[in-house]
Every structure is written in structure tokens, then in C-alpha cells.
Amino acid sequence: MTDLGLIAIAAAIAIFSSGCSSIGEGLLISKAMEGMARNPAAAKDLRSSMILGAALVETCGIYALLISILIIFILPGYIH
């Protein structure tokens, strides 16, 4: 396997992590909405916790995307 192939695999793993982050964010938001529907009195607390959790999960996905972009565009210059 060539160095370029290994770089592509590394970028794919990083993007897979970003995809898993998106799935987790969707589950987080759906469960928060379900909790708000079951207990409308706690909607304010659930909403603030949901927004904080979604921001943390989204940050993880953005970092994974950043790492994959760096792997694709920066790393090949250092190999040759």
C-alpha cells in the first residue's frame, strides 16, 4: 500500500468519527425533545442542557473534520 493510500484511510477514519458525532447529536436532540413532550414544565432546563450537549458533540465533529482536512492537504507534503 502506498503512502497516499494510508493517508486516505486515515482521513476516512477521521470522517467516520465526524459521522458518528452527527448520529450522537441527532439522538441527543431527539431524546431531549421527547423529554420536553413528556414534561413541559422541565422544558427550560432540558433545552439549556440540550444546547450545551449539542455544542460539545458538534465541536468533536468539527475537530474530526479539521483533522481529516489536515491529513489530506498537509501530510502528503511532509512524506515526499
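Excluded from the calculations below are hydrogen atoms, water molecules and symmetry mates; all remaining heavy atoms, backbone and side chain alike, are included. Bear in mind that the values here come from a model prediction, so they are computed numbers and not experimental data.
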Going by atom type alone, with no hydrogens or angles, which donor-acceptor pairs under 3.5 Å involve a side-chain atom of residues 22-36 and a protein atom two or more places apart or on another chain?
from, atom 1, to, atom 2, distance (Å)
S22, OG, S18, O, 3.3
S30, OG, G26, O, 3.4
S30, OG, L27, O, 3.0

Return a table of donor-acceptor pairs under 3.5 angstrom between the side chains of residues 49-62 and protein atoms on other chains or two or more places apart.
from, atom 1, to, atom 2, distance (Å)
S49, OG, D45, O, 3.1
T59, OG1, A55, O, 2.7

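The other residues sharing a hydrophobic cluster with I15 are L65, I69, I72, F73, where clustering joins ILVMFWY side chains under 4.5 Å apart.
Shown here are the side chain to side chain contact (heavy atoms under 4.5 Å, CB included) partners of I9, two or more places apart in sequence or in another chain: M1, I13. When the side chain to side chain contact (heavy atoms under 4.5 Å, CB included) test is applied to I71, the partners found at least two apart in sequence or on another chain are I7, A10, A11, I67, L75.
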